[in-house]
Structure formats: structure tokens, C-alpha cells
Amino acid sequence: MTTRTRFAPSPTGEIHVGNARTALFCALLAARDGGTLILRIEDTDAARSLRSHEDEMRADLAWLGVRWQEGPDVGGPKGPYRQSERGELYAAKLEQLATRGRVYPCFCTALELEVSRKAQLSAGKPPRYAGTCAKLSVPEIEARIAKGLKPAIRFRVPEEGETVFMDLVRSRQVFAHKDIGDFIIQRADGSPAFFFSNAVDDALMGVTHVLRGEDHLANTPRQLLLLDALGLKAPQYAHLSLIVGQGGAPLSKREGGGSLRELRAEGVLPEALLNYLARLGHTYSDNAFADFDTLARGFDVSHLGHSPAHFDHTQLDHWQGEAVRHAADERLWDWLVGGRQELERMVPERDRKNFVEAVRGNITRPSHGSEWATVVYGDLPPAGDEADAALHQAAAGFFDAVLGVLRQSAPEFKPFAKAVGAATGQSGKALYQPLRAALTGRLDGPEMERLWRLMDPKLIEARFDRARAANL
RNA sequence: GCUCCCUUCGUCUAGAGGCCUAGGACGGAGCCCUCUCAAGGCUUAAACGCGGGUUCGAAUCCCGCAGGGAGCGCCA
């Protein structure tokens, strides 16, 4: 049987690193086995589900490098892939449950349920459904419906026994049925509820492996009970530990990490996030920067961690550096430009490749590219303190000598620096630091040789003039 | 409250009774390379939550405790 995994987001907001990592693991597992990743949109909550969110999610997932072979946009044999379009399928399954006497209508109001929950909680009991409507007789039910009341449908959970299953990451799990209350599978408005539609779809779509957040672990017995009542085959489950923020608290919208869109806006490269996420809570024996296919080959559910993982920007930054180093010139250029047109204006077309090659070792964010473009082509911002000090520490007459050498024409930096060294008697740091400071306004940066080739001779002369003035 | 899950360096983790004087990676420190920064190479500091068992021997097994998390929704 070929592997079929699924990612089933609810289009109610932006996709977060936690969900993205789940989606990635699903994609990696499917790809490793030459299987299929299904994208299923769980939009049963009509009030909160937005098509625009779905579109954004698909775009974000694609940006990360997650590809699905079946889904609402690409189709497939098990569609439709939006739950809002699968009403008939759910109705048929619900009908089966009704015939088998496994469900009953519940007329309790939200307020009644709330009161009951509170009462149980304060009595030190688990807030399970009290079973108020479980024993309603047919006439009683008919009377309520005649009054115009719209019932929700509850699944009757067996009082006795337990559900046992093997979780791929947490191994054997046992849940007693007496701890599970009858739960709603269809809302009063006729829409299917999560436990039901999610489990039914997994079975109907032939999903073999469900990788999902640990928050679903205790929900699993409910779905297993449902599937069993329906005579449907259950998938294998693997419950992933959650991703937490700095203090160990669950990753929220406001804390570190954030949504894919935020990270993207910060200039994080998708390959960087891909490499980081693949290793967050999953171990690879190889720590080398890798592409999707390589990561897929090394993916294994047995390498999944059991404890919550911290989303750590320091580690993300490492992969970001790797991603910058590995990116092709054109791609890096596009990334640098992304949204900031000034770069396109400043860097001449013919220089682009050389510019990227010069600065790639010194940048991790697109804004850094603009900074170097300014250094090479624009108005140099005031020198930093250290660079300024280097200027002042240059030997007396140093820049006079520099300008002298410059006028005798110096096409390349190396021979130029050599000539300056000969003229001033300086070498090493004493020679190079003032030159770098004068030319770039800072003491760190790409090789001077590369920058020099990009700079206009007139600009170079102007910078040295300015340095001489500062040095006096 | 009840049920369940989790707990090894700062972080991600290896570790499935002796191979552990606990390994790797990121980050830190130092050295080398080098005009600088980065990269790279080398070196180094840094951890088994606590308490009881079991055993010749425990990070690994058992029991408590503590801490963190999840579920108990007409949210998914």
C-alpha cells in the first residue's frame, strides 16, 4: 500500500510555523515513500473560514517548498478536497450511524451545556456531556422538533471498555471509554463537526498516516470509535510534539516564530526555514544544508522527538546563512530586490552578478544588500566610530600618498594597495584598515578587491579625498 | 478537577542496563587562516529535574514527587 498523508488546515488565519512543520513532515514522509500528500481544507466553520485564507495558505506552503499531489486546486480521485463541498458524503455516513443506533439528537442549548460544565468542574468531575438527551424517547424527540427546535447530533460512546492504539511516536495508548463523553458530530445547523468529518475524510481519502499535533492525541480514541462504528479503516497516527516559544510557553501569534508570512517578510529564505523546520523535533544524522528530496530521503517517524521543541531564532539564522551561501546568484539577487526597488536602481544591470558574489558572504537579510549597495554606489553614511578611529590613526600623509598612487591609475585593488604600501611604508592592518575605512565607512565587509571593481573611480577618489580631510 | 503526554549541555538532540570519563549540531570562548567580517580548520566550557527502589552495574527499568503541556467545545 502506498503511503498517503494529508495536511488538513482550517482556513481561519495565517499559517504558523507549527502547522507548517506538520505539513512539511507529512510532505517529507509521502515523498520518501513515493506516496501522495493530500491537501484538504477543513472549512466546516463557515463563519470563520475564508477563501482568501485558503489561498494564502496554499501560497505559503508552496513558498516553503511543500507540494501536494491531491487538493482543491489540483484535484484528484478522492475529491472534493474542501469539506464544505463534501456534505453528501457526511450525510451518508451519518445515516449509517443513525441506522445502527449510534447517534441521537441533542437539544441542549449552549447555555445549558455551559452551566452543566461549570457544575461538573466545581464538583471536581471531568466536564463531560451529562447525557441529558441520550435517553429521550421518540415522542419526546418528535415533540421538540415539532416545536421548531434544531438538534445537534451526538455520538453515543460506549460506557464500558477502552480504546487502544499504537501511536507511531508515542507507542501504545489506552483510553477508557468512561472518560469520554458523548460528543457532537453534527452541529445544529447541519454542518459536520471536526471529530466526524476529519476522521471520515481520512478514511474515505485512503490516508495511511496521520501526522498531527500532540493536541489531538486525546481526541484520537473518539475518532477511532467513530471509524469503528462506521466499519472504516483507521489510519496510523503519529502525534507530534508542539513547538514552543522562548519561555517554553506554546507558540502564540505574538511570541517569537510567528507566521510564515512574517518570517518571509523578515527576509527568511524558504530553504532556510525548510532546513530548520525539518530538524526541529526530528533528527537527521547529516547536518549539511539539504534540499527537499534529500531531507525526504532521511525522514523517519522513528526520529521524531517526544518533547516540545523551542523555536530558536539563533538556529534559524544558521540555516539562513547556509541558504544565502547556497543560493544561486540570480535567485539571491531576486531575494535582495524583493520589495525594495532602490536596489534595482542603484546596482547597474551588468554589475549584478558581481555585486551578489561580492556581498553574499556578508549578508543574511535583504536589507543588508541595500546597505552594501549604498556603500558601493551611493552616498556613504558617516563612518562608524571604529572606522573613524582607523581613519585618524592612519599615518600622517597617508591619504596624500593614496591619492598620489591613485592618480597614476590603479585598475585593480591589489596592485593599488601594494603601491600604497610601497609609498607609505605601511603593511598589513596599518595599510588595509584605513583603506577599507575610507572606502566603505566600516571595518568589516566583503573583500576589498571585489568591492573596488564595482566602484566608480570618481567615487573612489572622492572617498579618499574625504578621508584625507578627516585624517588631517 | 479528571485523563493523557513530556522532562539529557543555553537550544535541537544521540542514547533503547555495561560501548557514557554521556556523543553530535547551533550558539559561546580560544587558536589558526586572513586587510576586516564571514566562511573554513582545530581546541574548549556546558546536560542526564528531584527522591526512592530493582540490579554486580541505570541517562536507560519500576514507583513516587516536582515542573511543563494537551484534552475534557455546536473550534479545529
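Given the structure is predicted, the values throughout are model-derived calculations rather than measurements. All chains are named by letter (A, B, ...) in the order of the sequence lines, taking the proteins before the strands, and each is independently numbered beginning at 1.
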Does A:N275 reach the main-chain N or O of A:E271 with its side chain, forming a donor-acceptor pair under 3.5 Å?
-> yes

Does any N or O in the side chain of A:Q120 come within less than 3.5 Å of the main-chain N or O of A:R128, such that one atom is a donor and the other an acceptor?
-> yes

Sort out the partner of [N] for me: Watson-Crick or G-U wobble, both distances under 3.5 Å, none otherwise.
N	answer
B:A25	B:U11
B:C2	B:G71
B:G64	B:C50
B:C20	none

[X]: what forms a side-chain hydrogen bond (donor to acceptor under 3.5 Å, both in side chains) with it, not counting sequence neighbours?
X	value
A:S52	none
A:K118	A:E114
A:S191	A:R187, A:D189

Name all pairs fulfilling the side-chain hydrogen bond (donor to acceptor under 3.5 Å, both in side chains) condition that reach into residues 166-178 of chain A, sequence neighbours left out, sorted by first residue then second.
-> A:T163-A:H177, A:D167-A:H239, A:R170-A:S241

For nucleotides 44-48 of chain B, tabulate all protein N/O to nucleotide N/O atom pairs closer than 3.5 Å, reporting atom names and distance.
none

For [N] versus [M], give the span between their [atom1] atoms, rounded off to a whole number of Å.
N	M	atom1	value
B:A25	B:G18	C1'	27 Å
B:G67	B:A76	P	34 Å
B:C2	B:G28	P	46 Å
B:C6	B:C63	P	13 Å
B:G53	B:A46	P	30 Å
B:A58	B:G41	P	39 Å
B:A66	B:G51	P	15 Å
B:U60	B:C48	C1'	10 Å

Under 4.0 Å between any heavy atoms, over every strand shown, what does [X] touch: base, sugar-phosphate, or nothing? Just pick one.
X	result
A:N219	base
A:L121	base
A:F183	nothing
A:R222	sugar-phosphate
A:S191	nothing
A:R48	sugar-phosphate
A:R40	nothing
A:H239	nothing

What does [range] look like as a protein-contact string, B for base, S for sugar-phosphate only, - for none, at under 4.0 angstrom between heavy atoms?
range	value
nucleotides 10-16 of chain B	-BSSS--
nucleotides 34-42 of chain B	-BBBSS---
nucleotides 28-33 of chain B	------

I'd like to know if [X] pairs up with [Y] as an ion pair, taking the criterion as any Lys NZ or Arg NE/NH1/NH2 lying under 4.0 Å from an Asp or Glu carboxylate oxygen.
X	Y	value
A:R442	A:E386	no
A:D202	A:R40	yes
A:E42	A:R82	no
A:R156	A:D182	no
A:D43	A:R51	no
A:E461	A:R468	no

Within the structure, does a side-chain N or O atom of A:R187 lie under 4.0 Å from either OP1 or OP2 of B:C75?
-> yes

Side-chain N or O of A:R128 closer than 4.0 Å to phosphate OP1/OP2 of B:G73 | no

From the list [options], which nucleotide is the closest neighbour of the side chain of [X]?
X	options	result
A:D45	B:C75, B:C2, B:C74	B:C75
A:Q173	B:C26, B:A70, B:C5	B:C5
A:A152	B:A70, B:C74, B:C75	B:C74

Residue whose nearest RNA chain B nucleotide is more 5′ - A:F175 or A:G181 | A:F175

Between A:I184 and A:R172, which is nearer to the 5' end of RNA chain B once each is assigned its nearest nucleotide?
-> A:R172

Output field: ring centroids A:Y276/A:H313 closer than 6.0 Å = no

With a 6.0 Å cut-off on ring centres, are A:F355 and A:W372 close enough?
-> no

Please report the distance, rounded to the nearest Å, between [atom1] in [X] and [atom2] in [N].
X	N	atom1	atom2	answer
A:D182	B:G71	CG	P	20 Å
A:L242	B:G69	CG	P	11 Å
A:F165	B:U3	CZ	C1'	13 Å
A:E42	B:A76	CD	C1'	7 Å
A:Q186	B:C74	CD	P	14 Å
A:Y129	B:U3	OH	P	24 Å
A:E214	B:C72	CD	P	14 Å
A:I185	B:A76	CD1	P	14 Å

What are the two closest non-hydrogen atoms of A:C108 and A:Y129, and how far apart are they?
-> SG-OH, 3.2 Å

Which heavy atom in A:L136 sits nearest to a heavy atom in A:T132, and how many Å separate them?
-> CD1-O, 4.2 Å

So which protein N/O to nucleotides 59-65 of chain B N/O distances come out below 3.5 Å?
none

In this structure, are over 12 heavy atoms from other groups packed under 6.0 Å from A:E85 atom CD?
-> yes

Sequence neighbours left out, what passes ring pair (Phe, Tyr, Trp, His ring centres under 6.0 Å) with A:H368? Give chain and number order.
-> none

Return the set of residues passing ring pair (Phe, Tyr, Trp, His ring centres under 6.0 Å) with A:F289 (not counting sequence neighbours), or none when no residue passes.
-> A:H326

What residues form a side chain to side chain contact (heavy atoms under 4.5 Å, CB included) with A:A419, not counting sequence neighbours?
-> A:V405

